[in-house]
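For reference, the structure discussed in these notes is given below.
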Number of protein chains: 2
Amino acid sequence: MELSCKTEYALLALLELTNHYSSGEPLQIRQIAAEQNIPDRYLEQLLATLRRGGLVRSQRGAKGGYVLAREPWKINVLEVVNCIEGQDAQATDAGREAKTVEGMVIWEVWQEAGQAADSVLQRQTLQDLADKRESRCRLDIMYYI
Amino acid sequence: MELSCKTEYALLALLELTNHYSSGEPLQIRQIAAEQNIPDRYLEQLLATLRRGGLVRSQRGAKGGYVLAREPWKINVLEVVNCIEGQDAQATDAGREAKTVEGMVIWEVWQEAGQAADSVLQRQTLQDLADKRESRCRLDIMYYI
DNA sequence: CAAAACCCCGGTGGAGAACCGGGGTATACT
DNA sequence: AGTATACCCCGGTTCTCCACCGGGGTTTTG
């Protein structure tokens with residue numbers, strides 16, 4: 001199961017915004033891009049998609065930037081993926097009319113697998129990811145002691 | 001989660017071979033292709049991959065064709081997918097070295113989702129799919145009575 | 001020997017992923 | 001009002017790879 005650059009960059013950006021959430025200040029595209037080594041013109045595009053999907057809010061002009069649209073514990077990974085990849089990451093049955101019974105049976109098994117994966121992603125919020133990152137950093141520090 | 005044409009065609013072909021398994025006779029590429037509406041030059045390629053992966057056996061020359069290499073209840077959907085898409089459908093961590101802790105955290109969540117999907121596919125054998133197909137056909141017949 | 005059917009290898013066209021450039025618009029600050 | 005900053009919008013490019021195909025070779029049967 002391929003993790004696309006788009007999805008990875010989107011999640012990295014949202015994690016940055018999560019880490020910055022308590023300050024309430026907008027974070028600029030170029031700051032996020034520099035911090036996470038993301039091409040900033042591309043990130044601009046992804047953030048626009050996230051804004052249209054209601055996951056972030058933007059502020060134009062001087063002192064502008066992006067903030068999360070909701071608390072990080074209320075944004076789960078699945079909705080990020082669906083926003084970035086399009087709803088077709090979930091329900092591609094519209095374009096793929098199974099012509100035979102066999103095709104339908106295969107399709108259903110595939111859907112079931114997809115739903116199992118989605119279920120995992122839906123259980124993870126941005127806050128969970130940020131917490132994992134925190135505990136990972138803490139482990140690293142303990143190695144140095 | 002995208003079901004590629006490759007995987008779908010491979011599974012359709014293997015289902016045909018499953019339905020034909022009890023006869024013990026090889027099934028020709030062009031027969032399978034016609035039955036399931038698969039481009040036969042492409043199917044040839046896919047069956048070659050399945051043969052190299054040990055899922056089917058081939059017989060060259062007149063009266064030749066393909067048979068399953070094992071009993072249909074001993075071949076699960078996950079190994080078909082891995083054979084067709086390559087092992088990278090499972091372990092793409094080799095090419096994607098996460099440079100930051102954030103990247104690693106995201107990657108792990110993604111792996112977990114992939115494993116949930118794989119687990120579903122691993123539980124389904126070709127026999128299971130064939131049985132589902134059978135009961136689906138029986139349902140259709142009951143609608144006509 | 002001839003026909004049938006797999007085997008092998010390389011190729012093409014088109015879609016889309018990854019990324020970028022240029023110009024416009026909104027906002028804060030002086 | 002003017003200027004600088006930073007998002008907004010739209011379109012474009014290059015490259016990869018998916019889906020599929022063509023041509024010729026090799027094996028097997030009758």
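Convention: sequence-line order gives letters A, B, ...; per-chain numbering from 1. Because the structure is a prediction, the values reported are computed rather than measured.
- Of the possible polar contacts, none joining the Thr7(A) side chain to the Ser4(A) backbone as a donor-acceptor pair under 3.5 Å is found.
- Set against dC8(C), dA18(C), dC8(D), the side chain of Arg51(B) has dC8(C) as its closest nucleotide.
- Taking only distance into account, the side chain of Glu44(B) never meets the base of dC21(D) through a donor-acceptor pair shorter than 3.5 Å.
- Atom CZ in Arg41(A) sits about 16 Å away from atom P in dT13(D), given to the nearest Å.
- With rounding to whole Å, Arg30(A) atom CZ is found 12 Å from dC7(D) atom C1'.
- Considering only the side chain of Lys63(A), dC29(C) comes nearest among dC29(C), dG30(D), dC20(D).
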Working for side-chain contact (heavy atoms from CB on, under 4.5 Å), residues Trp107(A) and Glu8(B): CA-CA 8 Å; Trp107(A) 179 251; Glu8(B) 187 179 0; over 6 Å; no
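- Atom pair Arg57(A):CZ and dA6(D):C1' shows a separation of 18 Å (rounding to whole Å applied).
- Remark: side-chain polar atoms of Asp118(B) are not paired, donor with acceptor, to backbone N or O of Gln115(B) under 3.5 angstrom.
- When the side-chain nitrogen and oxygen atoms of Tyr9(B) are compared with OP1 and OP2 of dC20(D), one or more of them lie within a distance under 4.0 Å.
- Here dT5(D) is the nucleotide among dC6(C), dT5(D), dC20(D) with the atom lying nearest to any side-chain atom of Ala62(A).
- The phosphate of dC7(C) (OP1 or OP2) has a side-chain N or O of Ser58(B) nearer than 4.0 angstrom.
- For Lys6(A) and Leu47(B), each mapped to the nucleotide of DNA chain C holding its nearest heavy atom, the one lying further toward the 5' end belongs to Leu47(B).
- At whole-Å resolution of the value, CD in Glu2(A) and P in dA17(C) are 12 Å apart.
- Interface remark: the Gln59(A) side chain does not form any donor-acceptor pair with the dC7(D) base, using a distance-only criterion of under 3.5 Å.
- Contact record, Leu121(A) with Trp110(B): CD1-CZ3, 3.9 Å, taken as the closest heavy-atom pair.
- Judged by atom type and distance alone, Gln28(A) does not reach the base of dC7(D) through any side-chain donor-acceptor pair under 3.5 Å.
- Side-chain N/O atoms of Arg60(B) and base N/O atoms of dT26(D) include a donor-acceptor pair closer than 3.5 Å.
- Residue Tyr66(A) has its side chain nearest to dC8(D) when only dC9(D), dC8(D), dA18(C) are considered.
- Nearest heavy-atom pair, Arg133(B) versus Val101(A), reported as atom, atom and distance to 0.1 Å: CG-CG1, 3.9 Å.
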